[in-house]
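Below is one structure, written out as C-alpha coordinates; comments come after it.
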Amino acid sequence: MFQKKTKVLAAMAVGATAVAALSLPAQAGPRLDAIMQAKVLRVGTPGDYRPFAMKADGKYAGHDIEVVEAMAKEMGVKVEYVDTTWPKLMQDLQDNKFDVAVGGITRNVARLSKVQMLPGYAPFGKVALVRAADKDKFTTPESLNQASVRVIKNPGGTNEAYVLQNLKDAQVSTHDKNAEIPGLIAEGKGDAMITETYEALHYSKADPRLFAAYLDKPLTPVNQLGFMLPVDDADYQRVMQFTWDVLALRGVLQQEAQKWLK
(Lines give C-alpha, C1' and ligand atoms only; values in the text may rest on other atoms or scores of the structure.)
Protein backbone atom coordinates (compact mmCIF):
# COMPACT_ATOMS: atom_id res chain seq x y z
CA MET A 1 0.00 0.00 0.00
CA PHE A 2 2.85 2.37 0.94
CA GLN A 3 4.63 1.78 -2.39
CA LYS A 4 1.41 2.35 -4.32
CA LYS A 5 0.77 5.60 -2.46
CA THR A 6 4.36 6.75 -3.11
CA LYS A 7 3.97 6.12 -6.85
CA VAL A 8 0.71 8.08 -6.90
CA LEU A 9 2.30 11.01 -5.11
CA ALA A 10 5.29 10.94 -7.47
CA ALA A 11 3.00 10.92 -10.49
CA MET A 12 1.04 13.83 -9.04
CA ALA A 13 4.30 15.77 -8.50
CA VAL A 14 5.41 15.21 -12.09
CA GLY A 15 2.01 16.26 -13.36
CA ALA A 16 2.06 19.40 -11.21
CA THR A 17 5.51 20.30 -12.53
CA ALA A 18 4.34 19.88 -16.13
CA VAL A 19 1.27 22.04 -15.52
CA ALA A 20 3.42 24.69 -13.85
CA ALA A 21 5.83 24.68 -16.79
CA LEU A 22 2.99 25.07 -19.26
CA SER A 23 1.59 27.96 -17.25
CA LEU A 24 4.89 29.92 -17.29
CA PRO A 25 4.94 32.83 -19.76
CA ALA A 26 6.93 32.12 -22.90
CA GLN A 27 10.15 34.13 -22.97
CA ALA A 28 12.22 35.21 -25.94
CA GLY A 29 15.98 35.16 -26.05
CA PRO A 30 17.90 37.70 -23.95
CA ARG A 31 18.71 40.13 -26.78
CA LEU A 32 15.17 40.19 -28.12
CA ASP A 33 13.82 40.60 -24.58
CA ALA A 34 16.15 43.55 -23.96
CA ILE A 35 15.13 45.23 -27.23
CA MET A 36 11.41 44.78 -26.68
CA GLN A 37 11.58 45.91 -23.04
CA ALA A 38 13.64 49.02 -23.82
CA LYS A 39 11.73 49.61 -27.07
CA VAL A 40 15.07 50.42 -28.69
CA LEU A 41 16.96 48.77 -31.57
CA ARG A 42 20.62 49.80 -31.49
CA VAL A 43 21.94 50.25 -35.03
CA GLY A 44 25.66 50.47 -35.69
CA THR A 45 26.97 52.05 -38.87
CA PRO A 46 30.14 53.81 -40.04
CA GLY A 47 27.78 56.27 -41.72
CA ASP A 48 30.15 57.07 -44.57
CA TYR A 49 29.00 54.95 -47.51
CA ARG A 50 26.58 56.50 -49.97
CA PRO A 51 23.87 55.71 -50.89
CA PHE A 52 23.45 53.16 -48.09
CA ALA A 53 24.19 55.10 -44.90
CA MET A 54 25.51 58.61 -44.52
CA LYS A 55 25.78 60.77 -41.43
CA ALA A 56 25.67 64.54 -41.89
CA ASP A 57 24.96 67.21 -39.28
CA GLY A 58 24.12 64.53 -36.74
CA LYS A 59 21.45 62.94 -38.93
CA TYR A 60 21.50 59.70 -40.89
CA ALA A 61 20.16 59.09 -44.39
CA GLY A 62 20.34 56.43 -47.06
CA HIS A 63 18.90 53.14 -48.26
CA ASP A 64 19.94 51.08 -45.24
CA ILE A 65 18.82 53.78 -42.84
CA GLU A 66 15.29 53.88 -44.21
CA VAL A 67 15.06 50.07 -44.35
CA VAL A 68 16.23 49.51 -40.77
CA GLU A 69 13.90 52.25 -39.52
CA ALA A 70 11.00 50.54 -41.31
CA MET A 71 12.00 47.28 -39.63
CA ALA A 72 12.10 48.96 -36.22
CA LYS A 73 8.66 50.47 -36.79
CA GLU A 74 7.27 47.03 -37.64
CA MET A 75 8.75 45.73 -34.37
CA GLY A 76 7.27 48.59 -32.37
CA VAL A 77 10.63 50.02 -31.30
CA LYS A 78 12.69 53.10 -32.10
CA VAL A 79 16.18 53.25 -33.57
CA GLU A 80 19.22 54.40 -31.62
CA TYR A 81 22.29 54.90 -33.82
CA VAL A 82 25.75 53.93 -32.59
CA ASP A 83 28.88 55.26 -34.28
CA THR A 84 31.45 52.72 -35.39
CA THR A 85 34.16 52.37 -38.03
CA TRP A 86 34.90 49.77 -40.69
CA PRO A 87 37.95 48.38 -38.83
CA LYS A 88 35.91 48.05 -35.60
CA LEU A 89 32.56 47.04 -37.12
CA MET A 90 32.77 43.29 -36.51
CA GLN A 91 34.30 43.54 -33.05
CA ASP A 92 31.82 46.19 -31.92
CA LEU A 93 28.92 43.95 -32.98
CA GLN A 94 30.42 40.98 -31.14
CA ASP A 95 31.04 43.19 -28.08
CA ASN A 96 27.30 44.01 -27.93
CA LYS A 97 27.67 47.69 -28.71
CA PHE A 98 24.70 47.42 -31.06
CA ASP A 99 22.09 44.90 -32.25
CA VAL A 100 22.44 45.20 -36.01
CA ALA A 101 25.08 46.65 -38.33
CA VAL A 102 24.11 48.40 -41.58
CA GLY A 103 25.65 50.70 -44.14
CA GLY A 104 26.71 48.80 -47.26
CA ILE A 105 28.25 45.67 -45.74
CA THR A 106 29.39 42.98 -48.15
CA ARG A 107 28.19 39.44 -47.54
CA ASN A 108 31.11 37.00 -47.53
CA VAL A 109 32.31 33.79 -45.93
CA ALA A 110 34.63 35.56 -43.48
CA ARG A 111 31.76 37.56 -42.00
CA LEU A 112 29.19 34.75 -42.11
CA SER A 113 31.58 32.51 -40.20
CA LYS A 114 31.29 34.94 -37.26
CA VAL A 115 27.85 36.55 -37.52
CA GLN A 116 24.44 36.13 -39.13
CA MET A 117 23.42 38.27 -42.10
CA LEU A 118 19.99 39.06 -43.47
CA PRO A 119 19.20 38.23 -47.13
CA GLY A 120 21.38 39.84 -49.74
CA TYR A 121 20.34 42.94 -51.67
CA ALA A 122 21.90 45.41 -54.14
CA PRO A 123 24.00 43.11 -56.39
CA PHE A 124 27.34 44.77 -57.08
CA GLY A 125 30.94 44.29 -58.11
CA LYS A 126 34.13 46.09 -57.17
CA VAL A 127 34.79 49.02 -59.48
CA ALA A 128 37.05 52.07 -59.49
CA LEU A 129 36.25 55.73 -59.10
CA VAL A 130 38.67 57.78 -61.22
CA ARG A 131 38.80 61.24 -62.77
CA ALA A 132 36.69 61.57 -65.90
CA ALA A 133 39.73 63.03 -67.67
CA ASP A 134 41.64 59.79 -66.99
CA LYS A 135 38.91 57.28 -67.84
CA ASP A 136 40.71 56.00 -70.95
CA LYS A 137 43.73 55.10 -68.81
CA PHE A 138 41.76 52.58 -66.77
CA THR A 139 40.23 49.98 -69.03
CA THR A 140 41.71 46.76 -67.61
CA PRO A 141 42.37 45.58 -64.04
CA GLU A 142 46.10 45.61 -64.82
CA SER A 143 45.99 49.32 -65.64
CA LEU A 144 45.26 50.05 -61.97
CA ASN A 145 48.18 47.99 -60.71
CA GLN A 146 50.93 50.31 -61.94
CA ALA A 147 53.67 52.10 -60.03
CA SER A 148 52.45 55.44 -61.39
CA VAL A 149 48.88 54.98 -60.11
CA ARG A 150 48.00 56.55 -56.75
CA VAL A 151 45.27 54.55 -55.02
CA ILE A 152 43.56 55.91 -51.92
CA LYS A 153 41.85 53.32 -49.72
CA ASN A 154 39.60 53.40 -46.68
CA PRO A 155 40.71 51.01 -43.90
CA GLY A 156 38.87 48.01 -42.56
CA GLY A 157 36.54 46.75 -45.28
CA THR A 158 36.52 44.58 -48.37
CA ASN A 159 37.61 47.48 -50.57
CA GLU A 160 40.86 47.68 -48.64
CA ALA A 161 41.22 43.91 -48.89
CA TYR A 162 40.94 44.12 -52.68
CA VAL A 163 43.57 46.86 -52.86
CA LEU A 164 46.05 45.03 -50.65
CA GLN A 165 45.64 41.79 -52.58
CA ASN A 166 45.51 43.07 -56.14
CA LEU A 167 47.20 46.47 -56.36
CA LYS A 168 50.58 45.72 -54.83
CA ASP A 169 52.50 47.65 -57.50
CA ALA A 170 50.43 50.83 -57.14
CA GLN A 171 51.15 53.70 -54.76
CA VAL A 172 48.66 52.98 -51.97
CA SER A 173 47.72 55.43 -49.24
CA THR A 174 45.05 55.27 -46.54
CA HIS A 175 42.41 57.86 -45.68
CA ASP A 176 40.16 56.99 -42.75
CA LYS A 177 37.16 59.08 -43.87
CA ASN A 178 35.64 57.17 -46.75
CA ALA A 179 33.28 59.97 -47.80
CA GLU A 180 36.21 62.33 -48.37
CA ILE A 181 38.11 60.09 -50.80
CA PRO A 182 36.03 60.89 -53.93
CA GLY A 183 36.81 64.57 -53.43
CA LEU A 184 40.51 63.79 -53.14
CA ILE A 185 40.36 61.88 -56.43
CA ALA A 186 38.48 64.70 -58.14
CA GLU A 187 41.08 67.22 -56.90
CA GLY A 188 43.96 65.15 -58.29
CA LYS A 189 45.36 64.09 -54.92
CA GLY A 190 44.91 60.48 -55.95
CA ASP A 191 44.10 58.60 -59.14
CA ALA A 192 41.70 55.86 -58.11
CA MET A 193 39.46 54.65 -55.33
CA ILE A 194 38.31 51.05 -55.22
CA THR A 195 34.66 50.95 -54.27
CA GLU A 196 31.44 49.24 -55.30
CA THR A 197 28.91 49.79 -58.05
CA TYR A 198 26.42 51.98 -56.20
CA GLU A 199 28.86 54.26 -54.43
CA ALA A 200 30.77 54.83 -57.68
CA LEU A 201 27.54 55.61 -59.52
CA HIS A 202 26.47 58.02 -56.80
CA TYR A 203 29.68 60.04 -56.82
CA SER A 204 30.10 60.03 -60.60
CA LYS A 205 26.57 61.42 -60.97
CA ALA A 206 27.11 64.00 -58.25
CA ASP A 207 30.48 65.25 -59.54
CA PRO A 208 31.16 65.46 -63.30
CA ARG A 209 34.91 65.39 -62.60
CA LEU A 210 34.56 61.73 -61.60
CA PHE A 211 33.98 58.57 -63.63
CA ALA A 212 32.86 55.11 -62.52
CA ALA A 213 35.19 52.68 -64.28
CA TYR A 214 34.59 48.94 -64.80
CA LEU A 215 30.81 49.12 -64.34
CA ASP A 216 30.25 46.82 -67.34
CA LYS A 217 32.99 44.42 -66.29
CA PRO A 218 33.51 44.66 -62.52
CA LEU A 219 36.88 43.84 -60.99
CA THR A 220 35.30 41.06 -58.91
CA PRO A 221 32.46 38.55 -59.31
CA VAL A 222 29.00 39.86 -58.44
CA ASN A 223 28.15 39.84 -54.74
CA GLN A 224 25.48 41.34 -52.48
CA LEU A 225 25.24 43.46 -49.36
CA GLY A 226 23.52 42.51 -46.12
CA PHE A 227 22.70 43.60 -42.57
CA MET A 228 24.85 41.91 -39.89
CA LEU A 229 23.32 40.37 -36.76
CA PRO A 230 25.01 38.80 -33.71
CA VAL A 231 24.59 35.06 -33.24
CA ASP A 232 23.73 35.07 -29.53
CA ASP A 233 19.93 34.91 -29.81
CA ALA A 234 18.08 32.70 -32.29
CA ASP A 235 14.73 34.30 -31.36
CA TYR A 236 16.06 37.73 -32.28
CA GLN A 237 17.38 36.41 -35.59
CA ARG A 238 13.98 34.90 -36.44
CA VAL A 239 12.17 38.16 -35.66
CA MET A 240 14.59 40.19 -37.78
CA GLN A 241 14.26 37.72 -40.66
CA PHE A 242 10.47 37.81 -40.38
CA THR A 243 10.46 41.62 -40.35
CA TRP A 244 12.68 41.72 -43.44
CA ASP A 245 10.34 39.28 -45.20
CA VAL A 246 7.30 41.38 -44.32
CA LEU A 247 8.90 44.48 -45.84
CA ALA A 248 9.69 42.49 -48.97
CA LEU A 249 6.12 41.19 -49.17
CA ARG A 250 4.67 44.69 -48.87
CA GLY A 251 6.98 46.10 -51.53
CA VAL A 252 8.89 48.35 -49.11
CA LEU A 253 12.28 46.90 -50.03
CA GLN A 254 11.56 47.35 -53.71
CA GLN A 255 10.49 50.97 -53.13
CA GLU A 256 13.67 51.75 -51.22
CA ALA A 257 15.82 50.16 -53.92
CA GLN A 258 14.04 52.21 -56.57
CA LYS A 259 14.55 55.40 -54.56
CA TRP A 260 18.21 54.96 -53.63
CA LEU A 261 19.84 52.48 -56.00
CA LYS A 262 18.58 53.39 -59.48
Spell out, yes or no, whether Tyr162 and Met90 are grouped together once hydrophobic residues are joined by side-chain heavy atoms under 4.5 Å, including indirect joins.
-> no
Would you kindly confirm whether Phe52 and Val127 end up in one hydrophobic cluster when ILVMFWY residues are joined by side chain heavy atoms under 4.5 Å apart?
-> no
State the CG-CD distance between Asp48 and Glu180, to the nearest 0.5 angstrom.
-> 10.0 Å
Is there a path from Ile181 to Leu144 through hydrophobic residues (I, L, V, M, F, W, Y) whose side chains come within less than 4.5 Å of each other?
-> no
Check whether Leu184 and Met54 end up in the same hydrophobic cluster, where Ile, Leu, Val, Met, Phe, Trp and Tyr are linked by side-chain heavy atoms less than 4.5 Å apart.
-> no
Taking the hydrophobic residues Ile, Leu, Val, Met, Phe, Trp and Tyr, and joining any pair whose side-chain heavy atoms are under 4.5 Å apart, which ones share a cluster with Val246?
-> Phe242
Of all the heavy-atom pairs spanning Asp191 and Ser148, show the shortest one and how long it is.
-> OD2-O, 3.6 Å
Sequence neighbours excluded, every pair satisfying salt bridge (charged side-chain N to carboxylate O under 4.0 Å, His left out) that has a member inside residues 49-62 | Lys55-Asp83
Check: Leu112 main-chain N/O paired with Gln116 side-chain donor or acceptor under 3.5 Å = no
Closest approach of Leu129 to Ala200 (non-hydrogen atoms, all atoms of both residues) | CD1-O, 3.8 Å
Residue pair Ser143, Phe138: steps toward the side-chain contact (heavy atoms from CB on, under 4.5 Å) verdict | CA-CA 5 Å; Ser143 60; Phe138 301 107; 4.0 Å; yes
Does anything in residues 251-262 pair up under salt bridge (charged side-chain N to carboxylate O under 4.0 Å, His left out), and if so which pairs, sequence neighbours excluded?
-> Glu66-Lys259
Heavy-atom side-chain contact between Met117 and Val115 under 4.5 Å = yes
Rounded distance [0.5 Å steps], CD in Gln171 versus CD in Gln146 = 11.5 Å
Please list every donor-acceptor pair under 3.5 Å in which a side-chain atom of residues 218-229 meets a protein atom from a residue at least two apart or in another chain.
unit_1 : atom_1 : unit_2 : atom_2 : d
Thr220 : OG1    : Lys126 : N      : 2.9
Asn223 : ND2    : Arg107 : O      : 2.9

Within residues 209-225 or reaching into it, pairs that qualify as salt bridge (charged side-chain N to carboxylate O under 4.0 Å, His left out) - sequence neighbours excluded = Asp207-Arg209
What one should report as the nearest heavy-atom pair of Leu253 and Ala248 is CD1-CB, 3.6 Å
Give a yes-or-no answer on whether the side chains of Gln37 and Asp33 include a donor-acceptor pair shorter than 3.5 Å.
-> no
Sort and list the pairs that fulfil salt bridge (charged side-chain N to carboxylate O under 4.0 Å, His left out) and have at least one residue in residues 158-177, not counting sequence neighbours.
-> Lys153-Glu160
Does the pair Glu199 and Asn178 meet the rule for a side chain to side chain donor-acceptor pair (under 3.5 Å), with working shown?
-> CA-CA 11 Å; Glu199 186 175 44; Asn178 186 70; 2.8 Å; yes
With the threshold set at 4.0 Å, does a side-chain nitrogen-carboxylate oxygen contact exist between Glu74 and Arg250?
-> yes
Give the C-alpha distance, both sets of side-chain angles, the deciding distance and a yes or no for side-chain contact (heavy atoms from CB on, under 4.5 Å) between Leu201 and Leu215.
-> CA-CA 9 Å; Leu201 280 170; Leu215 287 180; 3.5 Å; yes
Taking only residues two or more places apart in sequence, or in another chain, which ones meet Ser173 in a side-chain hydrogen bond (donor to acceptor under 3.5 Å, both in side chains)?
-> none
Atom CG of Asp64 and atom OH of Tyr49: how far apart are they, to the nearest 0.5 Å?
-> 9.5 Å
Ile185 side chain near Leu210 side chain, heavy-atom distance below 4.5 Å | yes
Could you give the distance from OG1 (Thr45) to CD1 (Ile105), rounded to the nearest 0.5 Å?
-> 7.0 Å
Are any of the side-chain heavy atoms of Val79 and Met71 separated by less than 4.5 Å?
-> no
Only pairs at least two apart or in different chains count here, so list each ring-ring contact (aromatic ring centres under 6.0 Å, His included) that has a residue in residues 64-98.
-> Tyr60-Tyr81
Looking only at atom types and distance, does a side-chain atom of Tyr236 sit under 3.5 Å from a main-chain N or O of Asp99, one as donor and one as acceptor?
-> yes
Distance-minimising heavy-atom pair for Val130 and Ala192 | CG1-CB, 3.9 Å
Can you sort out the partners of Lys137 under side-chain contact (heavy atoms from CB on, under 4.5 Å), two or more places apart, ordered by chain and number?
-> Asp134
Which residues pass the salt bridge (Lys or Arg N to Asp or Glu O under 4.0 Å) test with Asp245, sequence neighbours left out?
-> none
Got a sec, which residues hit side-chain contact (heavy atoms from CB on, under 4.5 Å) with Val77, two or more places apart in sequence or on another chain?
-> Ile35, Met36, Lys39, Leu41, Ala72, Met75
Between Arg111 and Thr106, is there a donor-acceptor pair closer than 3.5 Å when you use the side chain of the first and the backbone of the second?
-> yes
Do Pro51 and Tyr198 have side chains that get closer than 4.5 Å, going by heavy atoms?
-> yes
Please lay out, stage by stage, how Leu247 and Leu249 fare under the test side-chain contact (heavy atoms from CB on, under 4.5 Å).
-> CA-CA 5 Å; Leu247 295 187; Leu249 180 65; over 6 Å; no
Inspect the contact between Asp92 and Lys97 and indicate whether a charged nitrogen and a carboxylate oxygen are less than 4.0 angstrom apart.
-> yes
Relative to each other, are the rings of Tyr121 and Trp244 parallel, tilted or perpendicular (30° and 60° limits)?
-> tilted
Between Ile152 and Gly190, what is the shortest heavy-atom contact and its length?
-> CD1-CA, 3.8 Å
Excluding sequence neighbours, so at least two apart, what forms side-chain contact (heavy atoms from CB on, under 4.5 Å) with Lys78?
-> Val40
In terms of hydrophobic clusters joined by side-chain contacts under 4.5 Å, are Tyr203 and Trp260 together?
-> no
Search all heavy atoms of Asp232 against all heavy atoms of Gln237 and return the closest pair with its distance.
-> N-NE2, 4.4 Å
Val102 side chain reached by Val43 side chain, heavy atoms, under 4.5 Å = yes
Does a side-chain heavy-atom distance below 4.5 Å link Pro30 with Asp233?
-> yes
Is there a side-chain contact (heavy atoms from CB on, under 4.5 Å) between Thr158 and Asn108 once you walk through the steps?
-> CA-CA 9 Å; Thr158 58; Asn108 57 36; 3.5 Å; yes
